[in-house]
Amino acid sequence: MTSRSRHPGGDSAGHAVPGAASAELLRSEPGSRPRALLLSAGLVSAGAVALAAGALLPVIQGGSSGFTAGPLLVVLAWAPAAAVLYALFTGRAGLTAGLVLGLTALAPGRLLLDLQLLADGSLAARPELFLADRLLALPPAGPGLWPLVVGHLLTLTAGAFAAGTARDEAERAGELDGRRRWRLLGPVLGVAGGIGLLLAPLGSGNAYLLAKNAFEGPTVAMAGYLLLAAMLPLTVLVAVSSPSAGVGEGGFAGAGLASLAVGVPAVVSGLVVDRLWVAPGSVVVTVAGLALVGLAFTRFDVVKADDAVTGDLAGEARLPGLFWWRLTTGGLALLAAAAAVAGALTPVLKANGPAPVPETPARWLLLGAAVVLAVPALCVFVPRLSAFARGVVAATWAGVVLAGAAVLGAALSVTEDKAVDPALFGVDLPMPSPDQVGFSAGPGVTWTFVALVLAAVAALAAVITGVVERDVAADTADTADTADTADTADEPDNVLDGSGANGTVLTPVVAAAVLAIAAFGTPVFTAPGYRAPGLWSNFGAASWGLLGALAVLLGLYALVVRSRPVAAASALAGAALLLCLRAAELPLVGSEYDGASAGIGFWLALAGALVSLVAAGMTVASARRTG
């Protein structure tokens, strides 16, 4: 029995042998949690009953759905519960726990989407549950909404009981083999699905249903879509990193089934409801969900070359090599930078009338973020610099998030109250007065959104490239002599060798993290009549960029002390560039405001960048001393 994927009562893939179901369910050896697993499956089943009941009842008093969606929603509610029960009664504890946790991770976002019906159902783009046929102001919730809420809460509770089993299965499986390159397609699908969740779920020619993307939609729904877009790739990433094959398979399947419950109703609505049409966002979510479920049926454990090969070898497929992953990372980062340049130089707003069009000063910060990302992206193509530059790209992509959110926030603040011409939707209503014409989004918004998407995908590609680099380094160390390895110039890079970063960098790294939190939480510049978006006050759309960039920085700092020297140094260099970009908001954006002066955030950002560079230098110096 190996430490990679052996499960008691099952084969190497974590599947139970025939006839072992009852024994698996009733076992009582240390590490098993049969009662907790049974309870979690029961809660998921009860949640499915509640979700099905909510789908069959009106969610808005006096309202109805756009089509007979009850049977479809019942199937989507019961499919995950059926999968959980099947896994449970076939004795596959890891698969059961993984399914429940995959469903649980996306339950909060789905709950928020349904709560939009309570906040203001007239603004919810949910034709499978409610489609207005007249103008409504804050329509009251109907009896179907409460079973939906209860169903999501039961699913959330089920995850608390399944977590212990998943942890036990991972401990019994041992160490992760580290060569699941085929599974790395899962996080790519997760990011693609997250992008789809941020796009408009459907197209609308109905005046009573204005389908918008996540950033333009109502507040509660926006929070739900943002949470789903964040949790989907994170859930898949956790699943692929689980040492237990069953937990990994279940995590993929659970996340995929939850994604289908969000994407499929929008696709069907676009196909069958009059004046609605299918939008790319829901199609991407549906395809990503189907692909994740399909990946769950492939082999999750890994058989080494000298092991006996039996069964399905779908999981043995190899992804492209290191060269192609580096090429993909650099290419995607350059495309993101190019899209950011287009977003900065093209009009962000366009007037629906003769009014002058305002421009957002944040576009210059977006242009600076493009430069900060493009330079290390170009260096990725240089063999000797590729490993270091790849680590810098893994940090500087967050600069596009920082600046892009500011651009989108400025655009949304101007366009959120714009009037809509009812004639465009075939409705005979009075035309708005000239002073209500307002503004609409220009091409700069589209390019900025594309830049955000490409930057996120480039970051994921950079992470996967790092995993492949470690695999290549491990393979080289296992198959080559020490002298031959030292003389190898292209496999993968000599700078990849070495142990973890020296613990002496812990102090400057912690100091840099504290300075980063303060730098992103305080204004970089002040000006008369200007209120800077913040994390503690005046939280708006631009604040999400601050929060996202800060989260990336803190994640990098947390990984530095456990990384190899070159990886730690590149991450710290990227963090320094990101903090410099934060400080550059003073000359790039503040110069557009009269009387602007440096705020405390400017000095804190510069100090954080300096401390990060000092920590990077200490890491390199320590590696040379120990080498």
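The shown structure was predicted, so the numbers you read here are calculated from the model rather than taken from an experiment.
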I want to check something: taking the side chain as every heavy atom from C-beta on, are [X] and [Y] in contact at a cut-off of under 4.5 Å?
X      : Y      : answer
Leu276 : Leu271 : no
Leu37  : Leu88  : yes
Leu202 : Val278 : no
Pro80  : Leu99  : no
Thr286 : Leu260 : yes
Val552 : Leu556 : yes
Gln116 : Pro218 : yes
Phe252 : Leu257 : no

Find the distance between [atom1] ([X]) and [atom2] ([Y]) and round it off to the nearest 0.5 Å.
X      : Y      : atom1 : atom2 : value
Leu118 : Leu112 : CG    : CG    : 11.5 Å
Leu129 : Leu148 : CG    : CG    : 6.0 Å
Ser204 : Trp277 : OG    : CH2   : 6.0 Å
Thr219 : Leu123 : OG1   : CG    : 9.0 Å
Leu153 : Trp146 : CG    : CH2   : 11.0 Å
Met231 : Leu237 : CE    : CG    : 11.0 Å

task: Give the intermediate values and the outcome of side-chain contact (heavy atoms from CB on, under 4.5 Å) for residues Thr96 and Thr165.
output: CA-CA 9 Å; Thr96 305; Thr165 299; over 6 Å; no
query: Quick one: salt bridge (Lys or Arg N to Asp or Glu O under 4.0 Å) pairs with a partner in residues 93-116, sequence neighbours left out?
result: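 For residues 93-116, and leaving out neighbouring residues, the salt bridge (Lys or Arg N to Asp or Glu O under 4.0 Å) pairs sorted by first residue read Asp114-Arg126.
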Distance-minimising heavy-atom pair for [X] and [Y]:
X      : Y      : result
Ala451 : Ala336 : CB-O, 3.7 Å
Ser45  : Ala81  : CA-CB, 4.1 Å
Leu73  : Pro265 : CD2-CG, 3.9 Å
Val393 : Thr329 : CG1-CG2, 4.3 Å
Val284 : Ala192 : CG1-O, 3.1 Å
Phe161 : Ser40  : CB-CB, 3.9 Å

message: Before you tell me yes or no, could you show the steps for Ser269 and Phe67 under side-chain contact (heavy atoms from CB on, under 4.5 Å), namely the whole-Å CA-CA distance, both residues' side-chain angles and the distance that decides it to 0.1 Å?
response: CA-CA 8 Å; Ser269 298; Phe67 66 103; 3.1 Å; yes
query: With a 3.5 Å cut-off and no angle check, do the side chains of Arg326 and Ser386 form a donor-acceptor pair?
result: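 Arg326 vs Ser386: donor-acceptor pair found between side chains.
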task: Say whether Thr104 and Thr155, considering side chains only, have a donor N or O and an acceptor N or O under 3.5 Å apart.
output: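 The criterion, which ignores hydrogens and geometry beyond distance, is not satisfied for Thr155 and Thr104.
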- prompt: For Ala394, does its backbone N or O pair with a side-chain atom of Trp397 as donor and acceptor, under 3.5 Å?
  reply: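 Checking the backbone N and O of Ala394 against the side chain of Trp397, a donor-acceptor pair under 3.5 Å is found.
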field: Derivation of the side-chain contact (heavy atoms from CB on, under 4.5 Å) call for Val272 and Val268
entry: CA-CA 6 Å; Val272 303; Val268 176; 4.2 Å; yes
- request: Could you go through the side-chain contact (heavy atoms from CB on, under 4.5 Å) check for Ser65 and Leu131 one step at a time?
  value: CA-CA 5 Å; Ser65 60; Leu131 182 61; over 6 Å; no
